[in-house]
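Keep in mind that the numbers below use all heavy atoms, side chains included, and drop hydrogens, waters and symmetry copies.
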Amino acid sequence: MAEELVFYTNPMSRGRIARWMLEEVGQPYRTVYLDFGTTMKAPEYLSINPMGKVPAIKHGDTVVTEGAAICAYLAETFPQAGLAPTAAERGRYFRWMFFAAGPMEMAVTNRALGFEIPAERLRMAGCGSLDHVFDTLEQAVTASPFIAGDRFTAADVYVGSHVGWGLNFGTIEKRQAFIDYWGRVSDRDAYRRGNEIDNAAMPKSANS
C-alpha cells in the first residue's frame, strides 16, 4: 500500500504553492484545512509543525514544512512527474528556488511591513535592497523561458507563485519581464485545478 500523503493548509495562505505542486505531481492526497489562530495553533497540528504555520505535508512518517522544501521533496519523491532538475539544470534550479525563499521573500515582506533597511546596513541583510532583488530576478526570468532552463520544473512552481502573488497584490513591480514569466508558468492545468480547489474552499466572506 502506498504511503498516505496528507496536505495541511488554509486557502488564504502560502499553502496555495504546495497545492499547485501537489496537482502537478498528480498523486492522491488528503487535505486538512486549518484555521489561523485556532486549529493551526492546536497541539495536534503543532506536533506536525511547531511553528503553527502552513503549508505542511506528511508522507507516511515523513513531515515536510516550508513551501520550497515541499516543492523540492515532491519533485524528487515522484520523479515520474518530470519536475525535478536534470544534472544540467540543478544549479539554476536550487539557486533561484532558494533565492525566492530567502532574499526575495525577505525583501518583499520588509517593504510590505513598511520596514526599510538603512543604506549603511544593507551589507548585513542577506536580501540587500528590494531594487537589487528585482533587478536580479529580472535577469533570472529573462535568461531562459523557465527559471532553470528551457522547461518547466518545480522551481517554477515556487518562484512563479511568488511572482504571481506579488503582481496580484502589488508587492512586486509590474515589470514586463515578470508579467511575461508569470504568464508562461501559470498557463498549466495543474495551476488552474489547484486554484479552483482553493477558491472553492475560501470563506464565503472572502469570496464576496
Please determine whether side-chain contact (heavy atoms from CB on, under 4.5 Å) holds for the pair Glu44 and Val32, giving the CA-CA distance in whole Å, both sets of side-chain angles, and the decisive distance to 0.1 Å. CA-CA 12 Å; Glu44 182 179 4; Val32 176; over 6 Å; no

Give the C-alpha distance, both sets of side-chain angles, the deciding distance and a yes or no for side-chain contact (heavy atoms from CB on, under 4.5 Å) between Asn195 and Ser186. CA-CA 10 Å; Asn195 215 31; Ser186 63; over 6 Å; no

Correct closest heavy-atom pair for Gly67 and Tyr158 would be C-CE1, 3.6 Å

Do you know the tightest heavy-atom contact between Phe7 and Ala18? CE1-CB, 3.6 Å

Same apolar cluster: Tyr33 and Tyr45, side chain cutoff 4.5 Å: no

Between Arg14 and Ser161, is any side-chain donor less than 3.5 angstrom from a side-chain acceptor? no

When clusters are formed by joining ILVMFWY residues with side-chain heavy atoms under 4.5 Å apart, either directly or through shared neighbours, do Leu22 and Leu34 land in the same one? no

Straight-line distance of Glu105 CD to Asn110 CG, nearest 0.5 Å: 10.5 Å

Are the side chains of Tyr8 and Thr31 in touch, meaning some heavy atoms are under 4.5 Å apart? no

Side-chain contact test, heavy atoms from C-beta onward, threshold under 4.5 Å: evaluate it for Ile70 versus Pro55 and give yes or no. yes

Would you compute the distance between atom SG of Cys71 and atom CD1 of Ile17 and round it to the nearest 0.5 angstrom? 6.5 Å

Measure the CD-CD1 distance between Glu66 and Ile57 for me, rounded to the nearest 0.5 Å. 11.5 Å

Using 0.5 Å steps for rounding, measure from the CD atom of Glu4 to the CG atom of Asp61. 11.5 Å

Decide yes or no for Leu137 and Val159: does some side-chain heavy atom of the first lie under 4.5 Å from some side-chain heavy atom of the second? yes

Is there a side-chain contact (heavy atoms from CB on, under 4.5 Å) between Asp198 and Met202? Walk through the geometry before answering. CA-CA 6 Å; Asp198 280 325; Met202 292 273 283; 5.7 Å; no

Non-hydrogen side-chain atoms of Asn49 and Val63 separated by less than 4.5 Å: no

Between Glu116 and Arg121, is there a salt bridge with N-O shorter than 4.0 Å? no

Would Glu89 and Arg151 pass as an ion pair if we require N to O under 4.0 Å? yes

Are Thr65 and Met51 side-chain neighbours, meaning at least one heavy-atom pair lies under 4.5 Å? no

Of all heavy-atom pairs between Met40 and Lys53, which one has the smallest distance, and what is that distance? SD-CA, 4.1 Å

Kindly compute the distance separating CG (Asp189) from CD (Glu196), expressed to the nearest 0.5 Å. 9.5 Å

Consider only side-chain N and O atoms of Tyr29 and His59, and report whether a donor and an acceptor are under 3.5 Å apart. no

Go through the steps for Arg30 and Leu5 under the test side-chain contact (heavy atoms from CB on, under 4.5 Å), then give the verdict. CA-CA 6 Å; Arg30 176 168 62 90; Leu5 184 56; over 6 Å; no

Decide whether Val185 and Phe98 are clustered together by the hydrophobic rule: side chain heavy atoms of Ile, Leu, Val, Met, Phe, Trp, Tyr closer than 4.5 Å, transitively. yes

Applying a strict under-4.5 Å side-chain criterion to I, L, V, M, F, W and Y, I'd like to know whether Trp20 and Val6 cluster together. no

Minimum heavy-atom distance Met104-Val133, with the two atoms named: CA-CG1, 3.8 Å

If every non-hydrogen atom of Ser13 is compared with every non-hydrogen atom of Phe36, which pair is closest and at what distance? CB-CZ, 4.0 Å

Does this structure show an ion pair linking Asp187 with Arg192, if we count only N-O contacts that are shorter than 4.0 Å? yes

Is a side-chain donor or acceptor of Lys174 paired with a backbone partner of Leu167 at a separation under 3.5 angstrom? yes

Can Val157 be reached from Leu74 by stepping across I, L, V, M, F, W or Y side chains whose heavy atoms are under 4.5 Å apart? yes

Would you mind checking if Arg175 and Asp135 are paired as a salt bridge, meaning a charged N to carboxylate O distance below 4.0 Å? yes

In the structure I gave you, are the side-chain heavy atoms of Glu76 and Pro85 within less than 4.5 Å of one another anywhere? yes

Any idea which heavy atoms bring Ala125 and Ile117 closest together, and the distance? CB-CD1, 3.5 Å

Describe, in one word, how the ring planes of Phe152 and Phe146 are oriented to each other, choosing from parallel (under 30°), tilted (30 to 60°) and perpendicular (over 60°). perpendicular

To the nearest 0.5 angstrom, please state how far the NZ atom of Lys58 sits from the OG atom of Ser47. 7.0 Å

Please tell me if the side chains of Trp165 and Ile172 come closer than 4.5 Å, counting only heavy atoms from C-beta onward. no

Flag the pair Asn199 / Pro11 as yes when at least one side-chain heavy-atom distance between them is below 4.5 Å, and no otherwise. no

Just checking, is any N or O donor in the side chain of Tyr191 or Arg16 under 3.5 Å from an acceptor N or O on the other one? no

